[in-house]
Trainee: 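Here it is, the structure, as structure tokens.
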Amino acid sequence: MKVLSWYFSKKALPYWGVFFIDYFIVVVSAVLAYTISYGPGSAAEQILPFWGTVFFYSIFYVIGMRMFHTYAGVMRYSSFVDLQYVLFAVAFGFACSAVGVTAVGLNRWLLPLSMNDLFLWALFSVVLMWSIRVHVKILYDSSSNESSTPIFIYGVKEGGIGIAKSLRSQNPSRYVLRGFVTAADDMVGHKLMGHRVHSTADFVDAMQKEKVKTVFISPLMTERFRQDQKTLDRLIDAGVKIFMMPKAQEWDASKKIDVSQLKEVEIEDLLPREKIEVDLGAIERQLRGKRVVITGAAGSIGSEIVRQVAQFGPAELTLIDQAETPMHDVRLMMKRSYPAIKVETIVADIVNEVRMREIFGRVRPHYVFHAAAYKHVPMMEDNPAEAVRNNIDGTRVIADLAVEYGAQKFVMISTDKAVNPTNVMGCSKRICEIYVQSLSKAIKEGRVKGSTQFVTTRFGNVLGSNGSVIPLFREQIKNGGPVTVTHPDIIRFFMLIPEACKLVLEAGTMGNGGEIFVFDMGEPVKIVDLAKRMIQLSQAENVEIKFTGLRDGEKLYEEVLNEKETTLPTVHPKIHVAKVREYQYDAVSAQIDALVKQSYYDTDMEIVRSMKRLVPEFKSQHSVYEQLDKAVAP
């Protein structure tokens, strides 16, 4: 083994070394063939004619090796293609020798050889040349496997086979295959590429028995794997590392998969969810060649909308946010990824009507995506005046300017916290919904001049957004804990940012004005279970979970629809239209005028009192404002 380690630690043999070995095999094969045909000692009795004959015919083999470059490959990395080239080279040598014997009559000048002799010579040559390559590869793989990570592959179709082939082609490979996993009963117990195929029911036990701590998930099996929460729990409990295709990356089945594309999973990759498909053609038809304004463009949702809109070739993108550094990051991203698109990045406050009017008057957008908002529940609970000014008045400014300057469509990002709100932030977003709906209604009725269609999209938490629970948990685990959860029974809906933004764009193509589109967020997730799984995935030890109590304005679960609302289906199974109460624009506008003015001089308690009058279903929870609920006029 020391000799092997020494050899495999060195560079590959030079091509002339491989050539010498192959030529030596050809000569040895001639001796073996002649000995079998004419007996031991026969070659020695005619030593000069024999070696002269071998030298002459071996020239044909040398020409074949030169034609097919059999010496150019590295033996330790030999593949089926290399073996093919060896076969072709030997076949060429045999064919030329046979022609020389039968057509040219070389037997008259050289040691007579029969076709049987030539066939045995070629057969021994190809078998020995194949054997030495296969054995060197086996020895190399054996010596490499000692330091390689053993793995199982979940999936036996194109994706799983593609991963296995990619492993074999790596030189050297960091991983060594130990088995496959399949949900198809007809494959269980069979061998695939020399390795046993296990069932999904017993493969975790098989991995533990063979001390395998890594599993690669086939791209074709990703969705099925996410849905199998029982297997996921067993793998995580067993400390198995899980590798799969990143969530933002689509696998093209027409291309070869590379093991380097697989990444160790984050908790976002393991939450069960269905793949979301959207009508890309309809979105492109509406956005290509259009001028688009996006507010809150530096935020987690806004920046993803920027990326997705940019894919459809808008004529111009105007991006607005008051956060300077994140906005600079978006500017650099656009220059790097979409250099052909005209982009203007503006640092400004949407409440500044003079500045917003200058922008809208110059740009005159076709589409407005309004994602700017304060969204942290505890922060807005402590600062209701800012929630009124930024969320409500900011939305009113952008919506009014969209109408004034002839925007075709205004798409507003809302939240499930606007349904039966229990906190200031949720109530402020509900008031935003009410305003844009009443404005849309007034336009349709001819009481406000304009043609802008207003669409509201309402959904829950998005994974990876700024301030979301997962980055917080990740940081707490990194610091050794504790991981803080507000309540053992608190649940939330989750969706990936790219998926939510795809639905936002799709909903934008559907709306005719005044709709609130509600997204199907899938199954709710218990936050304490999420925390436990993140701790297990990190393989951190002695990290505790601490329950801190519900925060001001927080509720155990988020609703998507108001209790007085119903929904209607759309052409997209994940998008529904909420049937909501209608409001009169003049009354709503007057109330918001008073509320905004109040936010500049009145107390927090009085501001929230006015918000409760505008949204009667706003019932505070775990908040100082609970005392107002009995006093609010019906």
Side-chain angles (χ1 to χ4, degrees), residues 287 290-312 314-339 341-377 379-380 383 385-402 405 407 409-415 425 428-429 432 436 456-457 459 461-462 464-468 471 497-498 500-501 504-505 508:
L287 296 179
K290 300 298 176 63
R291 297 183 299 276
V292 180
V293 166
I294 301 174
T295 69
S300 49
I301 295 292
S303 60
E304 179 61 26
I305 291 177
V306 170
R307 279 186 284 269
Q308 293 195 17
V309 169
Q311 296 175 14
F312 299 106
E316 183 178 343
L317 276 177
T318 303
L319 312 180
I320 303 172
D321 203 295
Q322 62 180 336
E324 178 199 16
T325 299
M327 200 63 177
H328 180 64
D329 294 338
V330 171
R331 171 184 282 186
L332 294 178
M333 180 272 292
M334 289 300 297
K335 285 184 177 179
R336 181 178 63 252
S337 303
Y338 304 98
I341 296 179
K342 183 181 178 182
V343 180
E344 183 180 11
T345 49
I346 300 173
V347 176
D349 187 348
I350 59 171
V351 178
N352 187 341
E353 184 174 354
V354 174
R355 182 76 196 282
M356 293 300 107
R357 182 178 299 279
E358 182 273 326
I359 294 170
F360 272 72
R362 174 168 45 82
V363 175
R364 295 185 178 270
H366 297 99
Y367 278 78
V368 177
F369 290 92
H370 179 50
Y374 287 145
K375 63 180 181 180
H376 292 282
V377 169
M379 292 297 293
M380 292 304 98
N383 300 277
E386 294 304 317
V388 170
R389 288 196 284 266
N390 188 79
N391 291 3
I392 301 173
D393 196 30
T395 297
R396 182 174 63 166
V397 167
I398 301 300
D400 289 349
L401 291 173
Y405 289 99
K409 189 159 291 187
F410 179 102
V411 181
M412 188 183 80
I413 310 299
S414 189
T415 170
M425 192 282 287
S428 71
K429 294 298 287 183
C432 292
V436 298
T456 298
T457 58
F459 53 91
N461 301 278
V462 285
S465 63
N466 297 330
S468 67
I497 293 176
C501 292
V504 168
L505 298 184

Trainee: Quick one: CD1 on Ile301 to OG1 on Thr457, what's the gap to the nearest 0.5 Å?
Mentor: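 Between Ile301 CD1 and Thr457 OG1, I get 9.0 Å after rounding to 0.5 Å.
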Trainee: Does the side chain of Met334 come within less than 4.5 Å of Leu317's, by heavy atoms?
Mentor: yes
Trainee: So how far is it from Lys375 NZ to Thr415 OG1, rounded to the nearest 0.5 Å?
Mentor: 9.5 Å
Trainee: Closer than 3.5 angstrom, by distance alone: can the side chain of Thr295 be matched with the main-chain N or O of Ala371 as a donor-acceptor pair?
Mentor: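 Indeed, once roles are kept as given, a pair shorter than 3.5 Å links the two residues.
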Trainee: Using the side chain to side chain contact (heavy atoms under 4.5 Å, CB included) rule, take Val293 and Phe369 through it: C-alpha gap first, then chi angles, then the decisive distance, then the call.
Mentor: CA-CA 6 Å; Val293 166; Phe369 290 92; over 6 Å; no
Trainee: If you measure from CG on Leu287 to CD on Gln311, what distance do you get to the nearest 0.5 Å?
Mentor: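 Result: 11.0 Å between the selected atoms.
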Trainee: List the atom of Asp349, the atom of Met356, and the distance in Å for their closest heavy-atom pair.
Mentor: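 Result for this residue pair: O-CE, 3.5 Å.
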Trainee: Examine distances only and state if a side-chain atom of Lys429 and a backbone atom of Ala373 form a donor-acceptor pair shorter than 3.5 Å.
Mentor: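 Checked: no pair found.
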Trainee: Which heavy-atom pair separates Phe410 from Ala402 by the least distance, and what is that distance?
Mentor: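 Looking at all heavy atoms of both residues, the shortest contact is CD1-CB, 3.9 Å.
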Trainee: Less than 4.5 Å apart, any side-chain heavy atom of Cys501 and any of Gln308?
Mentor: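 Touching, per the 4.5 Å side-chain cut-off.
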Trainee: Below 4.0 angstrom, N of the basic side chain to O of the carboxylate: do Glu344 and Arg362 qualify?
Mentor: yes
Trainee: For Val330 versus Ser303, what's the shortest heavy-atom pair and its separation?
Mentor: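 The pair with the smallest heavy-atom distance is CG2-CB, 4.2 Å.
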Trainee: Nearest 0.5 Å, please: how far is NZ in Lys409 from NZ in Lys290?
Mentor: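 So the NZ of Lys290 and the NZ of Lys409 are separated by 10.0 Å.
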Trainee: Any chance you could measure Phe360, atom CZ, to Glu358, atom CD, to the nearest 0.5 Å?
Mentor: 11.5 Å
Trainee: Pairs under 3.5 angstrom only: tabulate donor-acceptor contacts from the side chains of residues 387-399 to other protein residues two or more places apart or in another chain.
Mentor:
from	atom 1	to	atom 2	distance (Å)
Arg389	NH1	Ser599	O	2.5
Arg389	NH2	Glu386	OE2	2.4
Asn391	OD1	Tyr374	N	2.7
Asn391	ND2	Tyr374	O	2.9
Asn391	ND2	Ser428	OG	3.0
Asp393	OD1	Arg396	NE	3.3
Asp393	OD1	Arg396	NH2	3.0
Thr395	OG1	His370	NE2	2.9
Thr395	OG1	Asn391	O	2.5
Arg396	NH1	Asp593	OD1	2.2
Arg396	NH2	Asp593	OD1	3.4

Trainee: Ignoring hydrogens, what is the shortest heavy-atom contact between Asn383 and Met379? Give both atom names and the distance.
Mentor: ND2-O, 2.8 Å
Trainee: So, do Val347 and Asp321 sit near enough that their side-chain heavy atoms are less than 4.5 Å apart?
Mentor: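 SC-SC contact between Val347 and Asp321 ruled out.
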Trainee: For Thr456, check side-chain hydrogen bond (donor to acceptor under 3.5 Å, both in side chains) against everything at least two apart and list the hits.
Mentor: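 Expected list: none.
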Trainee: Do you know the tightest heavy-atom contact between Ala372 and Gly296?
Mentor: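 Scanning both residues completely, I find the closest heavy atoms to be CB-N, 3.5 Å.
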Trainee: What's the verdict on side chain to side chain contact (heavy atoms under 4.5 Å, CB included) for Val368 and Ile294, showing C-alpha distance, side-chain angles and the deciding distance?
Mentor: CA-CA 6 Å; Val368 177; Ile294 301 174; over 6 Å; no
Trainee: Look up atom OG in Ser337 and atom CZ in Arg307, then write down how far apart they are to the nearest 0.5 Å.
Mentor: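 CZ of Arg307 is found 8.5 Å from OG of Ser337.
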Trainee: Run the side chain to side chain contact (heavy atoms under 4.5 Å, CB included) test on Val306 and Leu319 for me, step by step, so that the C-alpha distance in whole Å, both residues' side-chain angles and the decisive distance to 0.1 Å come before the verdict.
Mentor: CA-CA 8 Å; Val306 170; Leu319 312 180; 3.7 Å; yes
Trainee: Say whether, by atom type as modelled, one donor and one acceptor occur between the side chain of His366 and the main chain of Arg291 under 3.5 angstrom.
Mentor: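 Such a contact is found between His366 side chain and Arg291 backbone.
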Trainee: Using the test side-chain contact (heavy atoms from CB on, under 4.5 Å), find all partners of Arg357 that sit at least two apart in sequence or belong to another chain.
Mentor: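 Scan of Arg357 (side-chain contact (heavy atoms from CB on, under 4.5 Å), adjacent residues dropped) gives Glu353, Leu401, Glu404, Tyr405.
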Trainee: Does Arg355 reach the main-chain N or O of Ile350 with its side chain, forming a donor-acceptor pair under 3.5 Å?
Mentor: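 Checked: no pair found.
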